[in-house]
Novice: 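Pasting in a structure now, in structure tokens, and then I'll have a few things to ask.
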Amino acid sequence: MRVAKENIEVKMEIPGAIIRQRTEFGDASGLGKISGEFFSLSAGVDTTPLFIGLEGNLCQSPHWGYVLSGQIQTTDSKGIQETVNTNDLFFWPAGHNVKVIEDAEIIMFSPQHEHTKVIDHMIEKTKA
């Protein structure tokens, strides 16, 4: 799920402050501690080979985030693709691959336990 900033409802606007809120933006219940992550990614990066060996050969951690710059495409377990762009909020449920279309910088929040397992798996893949 992605949503552009201009499509997020303005809940409050006063001089010097605008508050936008998108409710029902993913569910974090039962996921424990969350990690904050900053990724700098180059165009062409494709996680597909790095996720081989994980369940379904896909990242098994959900992520909530914001695209500071760039463009990224995800593909889920059903083959559905979604593209996020600069200034988009996003939620990627568990079960996805990522391809960087344009150099990107993103901020993500992920369940610490699940995403650490995925990152450790990717590290091992780069050693092989």
Side-chain angles (χ1 to χ4, degrees):
M1 169 193 321
R2 76 153 199 88
V3 60
K5 181 176 96 174
E6 56 272 1
N7 293 330
I8 300 171
E9 179 184 356
V10 174
K11 293 294 225 174
M12 185 176 108
E13 186 170 0
I14 59 174
I18 298 173
I19 297 172
R20 298 173 185 267
Q21 181 185 34
R22 172 64 185 256
T23 58
E24 304 292 319
F25 199 68
D27 183 354
S29 58
L31 292 172
K33 293 182 179 180
I34 300 292
S35 61
E37 303 154 347
F38 186 99
F39 282 45
S40 298
L41 305 163
S42 296
V45 167
D46 184 347
T47 61
T48 303
L50 296 174
F51 292 161
I52 292 173
L54 294 173
E55 181 183 335
N57 297 323
L58 302 167
C59 177
Q60 293 301 320
S61 176
H63 311 286
W64 294 260
Y66 179 77
V67 182
L68 296 168
S69 64
Q71 185 178 62
I72 300 172
Q73 182 179 72
T74 58
T75 304
D76 70 14
S77 61
K78 296 176 185 172
I80 298 170
Q81 294 182 331
E82 179 177 73
T83 302
V84 295
N85 301 287
T86 301
N87 294 327
D88 284 348
L89 287 174
F90 62 86
F91 169 65
W92 298 335
H96 61 272
N97 269 305
V98 173
K99 184 171 185 182
V100 182
I101 307 303
E102 295 176 5
D103 289 356
E105 292 200 344
I106 62 174
I107 295 171
M108 293 196 313
F109 300 92
S110 309
Q112 181 175 303
H113 180 280
E114 287 81 355
H115 202 215
T116 298
K117 284 174 39 179
V118 172
I119 291 170
D120 289 346
H121 180 85
M122 290 190 299
I123 290 167
E124 288 301 313
K125 283 291 190 182
T126 62
K127 291 179 181 178

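Everything quoted here is computed from the prediction, not taken from an experiment. FYI, side chains are in, hydrogens and waters are out, and symmetry mates aren't considered; it's all heavy atoms of this structure.
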Novice: Sequence neighbours left out, what passes ring pair (Phe, Tyr, Trp, His ring centres under 6.0 Å) with Phe91? Give chain and number order.
Specialist: Trp64
Novice: Do Trp92 and Val118 sit in one hydrophobic cluster, given that two such residues count as connected whenever their side-chain heavy atoms are within less than 4.5 Å of each other, even indirectly?
Specialist: no
Novice: Taking all non-hydrogen atoms of both residues into account, name the closest pair between Lys5 and Arg20 and its distance.
Specialist: O-NH1, 3.3 Å
Novice: Could you pull out the closest heavy-atom pair between Ser61 and Pro111, with the gap in Å?
Specialist: OG-CD, 3.6 Å
Novice: Would you give the length of the straight line joining atom CD1 of Ile106 to atom OG1 of Thr86, rounded to the nearest 0.5 angstrom?
Specialist: 11.5 Å
Novice: Check Arg22 against Val3 and note the closest heavy-atom contact, atom names and distance.
Specialist: NH1-CG2, 3.6 Å
Novice: To the nearest 0.5 Å, tell me how far Lys33 NZ sits from His113 NE2.
Specialist: 11.5 Å
Novice: Taking side chain as C-beta onward, heavy atoms only, is Phe90 less than 4.5 Å from Met108?
Specialist: yes
Novice: Just wondering, do Asn57 and Thr48 contact through their side chains at under 4.5 Å, heavy atoms?
Specialist: no
Novice: State, with a plain yes or no, whether a side-chain heavy atom of Phe39 is found less than 4.5 Å away from one of Val100.
Specialist: no
Novice: Roughly how far, to the nearest 0.5 Å, is the CD atom of Glu37 from the NE2 atom of His115?
Specialist: 5.0 Å
Novice: Same cluster or not: Ile8 versus Phe109, using hydrophobic residues (I, L, V, M, F, W, Y) connected whenever any side-chain heavy atoms lie under 4.5 Å apart?
Specialist: yes
Novice: Please find the pair of heavy atoms, one from Leu50 and one from His121, that lie closest to each other, and give the distance.
Specialist: O-CD2, 3.1 Å
Novice: Please examine the side chains of His96 and Leu58, heavy atoms only from C-beta on, and report whether any two atoms are closer than 4.5 Å.
Specialist: no
Novice: Rounded at 0.5 Å granularity, tell me how far SG in Cys59 sits from NZ in Lys117.
Specialist: 11.0 Å
Novice: With rounding to the nearest 0.5 angstrom, report the CG to CG distance, Asp88 to Leu68.
Specialist: 11.5 Å
Novice: Search all heavy atoms of Asn85 against all heavy atoms of Gln71 and return the closest pair with its distance.
Specialist: OD1-NE2, 2.6 Å
Novice: Ile52 and Lys125: which non-hydrogen atoms are nearest, and at how many Å?
Specialist: O-CE, 2.9 Å
Novice: Evaluate side chain to side chain donor-acceptor pair (under 3.5 Å) for Thr75 paired with Asn97, printing each intermediate quantity in order.
Specialist: CA-CA 5 Å; Thr75 304; Asn97 269 305; over 6 Å; no
Novice: Can you tell me if Glu55 has over 12 outside heavy atoms packed within less than 6.0 Å of its CD?
Specialist: no
Novice: Please answer: with hydrophobic residues joined when any side-chain heavy atoms are less than 4.5 Å apart, are Val84 and Leu41 in the same cluster?
Specialist: yes
Novice: Between Ser77 and Gly95 (side chain of the first, backbone of the second, donor and acceptor by atom type, cut-off under 3.5 Å), is there such a pair?
Specialist: no
Novice: Say whether Ile34 and Phe38 are linked into one hydrophobic cluster, either directly or through other cluster members, by side-chain heavy-atom distances under 4.5 angstrom.
Specialist: yes
Novice: Measuring from atom CG of Asp76 to atom CD of Glu82, what distance do you get when rounded to the nearest 0.5 angstrom?
Specialist: 9.0 Å
Novice: Apply side chain to side chain contact (heavy atoms under 4.5 Å, CB included) to residues Phe51 and Met122 and explain how you reach the verdict.
Specialist: CA-CA 7 Å; Phe51 292 161; Met122 290 190 299; 3.4 Å; yes
